[in-house]
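See structure below.
Small disclaimer: the values here were computed from a predicted structure and weren't measured. A note on names: the letters A, B, ... follow the listed sequences, proteins ahead of strands, and every chain is numbered from 1.
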Amino acid sequence: MSTIALDRGTRHGLTLAWRGILKIRKNPEQLADVTIAPIVFLVMFTYLFGGALAGNTDAYLQMLVPGIMVMNILQASMTAGVQLNTDVSKGVFDRFRSMPIARSAPLIGAVLADVVRYVVCIVVLLIVATIMGFRVQTGPVELLVAAGLAIGFGLCFCWASVFVGMLLKTPQAVQGVMFVLIMPLTFGSNVFVGTSTMPGWLKAWADISPVSLLSDALRGLLNGGAIAGPLTGSLIWMAAAVAVFFPLATWAYRKRV
Amino acid sequence: MSLAIRAEGLVKHYGETKALDGVDLEVPEGKVVGVLGPNGAGKTTAVRVLATLLRPDAGHATVHGHDVVKNPRAVRSLIGLTGQYASVDEDLSGTENLVLLARLLDHSRTGARAKAAELLEQFELTDAAGRAAKTYSGGMRRRLDLAASLVGNPSVLYLDEPTTGLDPHARNEVWAVVRKLVANGVTVLLTTQYLEEADQLADTITVFDHGRVVAEGRPDELKRRVGGQTLQVRPTSLRDLDAVHRILGDLTGVRPTRDDDTGLLTAPVNDPVLLSTLVRKLDEAGITADELALRLPSLDEVFLALTGKQTEGSLA
């Protein structure tokens, strides 16, 4: 790809990301899916189970917030696929494709708009958590690194949603499949409870699941504690997700559009 | 005469289905060609191939000399596409939709705003410019879709069933817009299921059925090819219906079709001279008629004859 083509692709991608952001502003309820559900979980788990699981709700909250952040980002990352699928099935894509723009631009646009979604999700979550009593134990730099890591995680795993989004016919089907994939991924982890009481097979998975490792890395960053191990594990998972799903997603995208 | 679109032997399969089965199509510059056919005839597939959205399995096509497969970018800079389903973003306003497309076509920020305003004005959407497209009526949305396909000043416009699902008033609005564009020299390829639409807008009509071209020609040529004219009479008084029915039957040698509600009698004829004979006979019988005409078969009848497809209620 020549430099000029790349520039055009990026510029058109940015224009289409602007469209995505406009759409978020017009339909804030779109974000409700990815913000309210995690907040409900946050409130419910903290006050219902926090005392039983961690001795008191405050201690539980400190452990839960980083995990919910991961759940949040994972859910938000499925929007890219749903959005792209909607554009294809509504014929908006045909219009873009009949224009002399870079073929990758709609894909770049959808993924970039997702970043905005991730940021909003993290900010909303942190505000609610802070009201509930959550405090960052480290510092602003660690907080920014944690947020950046979470966003990076979303950007790596969103290719799975793009892949599914290009494979299935309707946006509803994409949403359904992604939900079925994400729910066990989220619950089969250490987001809500430690893995020590889980049956062996589940513990074995939960200990190495990307959701657990990133949750631990974020806990380390926000609460203090071990970072290196879970961070390395998270980065390996992120690289693996990109290695597997990016080629699949671009293949399916090229086939579909 | 130079050709804006030339397609030769286009073939496209979807599994077992042959959506296109060797289609040739020529659209002269500045003309309107109507592609007429029932659902599933391959009209949309043909447009998608010509708009670079779909690769043909065989055959080739050019738009102003640029191959749709080998040089899609050059083709895309020449064409505008209005899909079967209005492909504007329903969440965005009219202005935002057009600005977005203008920006994608490398207009500056102010240039894009100006272009959007100009098109909204031209399509009488200025009042609705700031509203989300999903609040538009069917006709307004279709006009916005047309405006969207014109952002790049295309010289070739594809209109894929532009009035499907519109009420007659909205349909007339779209037709007026298309006529204006053609007057400005834009070449149009129009697909439609409505025979009247092709008759109204197209210079020539290509009839598709099962992925093949089954007929081609000017609307009146097509009508003539099917042959046969129809004589129709509506007596002023319904009381004369029986008498006129008898006269018309004697004259043509067939039993006229009779509509007792509207009082309209029709009979197929081969000799146009029969019209004047009928006038004389009615005069002799002292019967006046509100309507008396010799007409070519309607495109509906042409279509039926060419594709062998029976439409509902046409069995009589």
Separation between OG1 of A/Thr86 and CD of B/Glu90, rounded to the nearest 0.5 Å: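 Answer rounded to 0.5 Å: 10.5 Å.
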
Residues, nucleotides or ligands: over 12 heavy atoms within 6.0 Å of [X] [atom1]:
X: B/Glu118; atom1: CD; value: yes
X: B/Lys180; atom1: NZ; value: no
X: B/Arg179; atom1: CZ; value: yes
X: A/Phe179; atom1: CZ; value: no

Which atoms of B/Leu101 approach chain A - backbone, side chain, both or neither, heavy atom under 4.5 Å: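 Both parts, backbone and side chain.
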
Salt bridge present between B/Asp89 and A/Arg95 (N-O < 4.0 angstrom): no

Where is the tightest heavy-atom contact between [X] and [Y], given as atom of each residue plus distance?
X: A/Arg97; Y: B/Arg48; value: NH1-NH2, 4.2 Å
X: A/Asp94; Y: B/Leu81; value: O-CD2, 4.1 Å
X: A/His12; Y: B/Leu104; value: NE2-O, 3.1 Å
X: B/Ser87; Y: A/Gly91; value: CB-O, 2.8 Å

Close side-chain approach of A/Ser98 and B/Thr52, heavy atoms under 4.5 Å: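 A/Ser98 vs B/Thr52: side chains apart.
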
B/Asp106 side chain near A/Ile101 side chain, heavy-atom distance below 4.5 Å: no

Sequence neighbours excluded, every pair satisfying side-chain hydrogen bond (donor to acceptor under 3.5 Å, both in side chains) that has a member inside residues 160-173 of chain A: none

Per-residue contacts, residues 18-28 of chain A versus chain B, heavy atoms under 4.5 Å: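 So the qualifying residues are A/Trp18, A/Arg19, A/Leu22, A/Lys23, A/Lys26, A/Asn27.
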
Winner by heavy-atom pair count (cut-off under 4.5 Å) against chain A, out of B/Ser77, B/Gly80, B/Pro154: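 Winner by heavy-atom pair count: B/Ser77.
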
Most chain A-contacting option - heavy-atom pairs closer than 4.5 Å, from B/Ala148, B/Pro72, B/Ala74: B/Ala148

